[in-house]
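Encoded as structure tokens, the structure appears first; notes follow it.
No experiment lies behind these values; they were computed from the predicted model shown. Throughout, protein chains are lettered first and strands after them, A, B, ... in sequence-line order, and every chain is numbered starting at 1.
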Amino acid sequence: GDSVTQMEGPVTLSEEAFLTINCTYTATGYPSLFWYVQYPGEGLQLLLKATKADDKGSNKGFEATYRKETTSFHLEKGSVQVSDSAVYFCALGLTGGGNKLTFGTGTQLKVEL
Amino acid sequence: NAGVTQTPKFQVLKTGQSMTLQCAQDMNHEYMSWYRQDPGMGLRLIHYSVGAGITDQGEVPNGYNVSRSTTEDFPLRLLSAAPSQTSVYFCASRTGLAKMNEQFFGPGTRLTVL
């Protein structure tokens, strides 16, 4: 079945450090890929997305490239801030089966001064 | 636009009690869904609806009922609550069925079943 695997957290970084959160997927079709972010006490918000191979999604300094050959969609940011502390979810979307999103387990990021 | 709203924010139930989690959206989205979020498991789809009068099961539907009488509302009913239903519940909506369309999430309902 379709699945998403994310690196386990928590990830703790100092402010201005480089961030990578790994995400790989297994899908039977051609999924769209997403990163959602959940700030404490809130619902999930779309951070970025990519709809086909080699697309790069970007937003708020975060980037992720859809790599079909490695079935990956790693999230990166060059310089994290304390305000980036949140839980990050990688997800894939496919047509059919309710068009649901399949989520990874989430990676908690803590950024310290 | 209020987006996706959920009530209540917190709820404590005793085993066997029933309740309804409310969800509403004001974006005229056709597609609505309910997820539960449990530690270490990400979000899992409970039920979804592709339009008023149409609902279907997700991957963890047991113990939950839904109905969709209007485009705006998509309530989730627990008929007889069990401790295994302790979780955070998120409602989401999106326009159309395209796989690349963004889902908008509500703020969640934290449910504890004793």
> What's the verdict on side-chain contact (heavy atoms from CB on, under 4.5 Å) for B:L78 and B:L111, showing C-alpha distance, side-chain angles and the deciding distance?
Replying inline: CA-CA 11 Å; B:L78 286 71; B:L111 176 67; 3.5 Å; yes
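- Neither the backbone nor the side chain of B:Q6 comes within contact range of chain A; no heavy atoms are under 4.5 Å apart.
- Taking both residues in full, the closest heavy atoms of B:Y35 and B:I46 are given as C-CD1, 3.8 Å, listed atom of the first, atom of the second, then distance.
- Per-residue counts of heavy-atom pairs under 4.5 Å with chain B were compared for A:L46, A:T102, A:L92, A:V87; the largest is that of A:L46.
- Contact record, B:S80 with B:G16: OG-CA, 3.5 Å, taken as the closest heavy-atom pair.
- Only the side chain of A:Q38 has a heavy atom closer than 4.5 Å to any heavy atom of chain B.
- With salt bridges taken as basic N to acidic carboxylate O contacts below 4.0 Å, none links B:E102 and A:K49.
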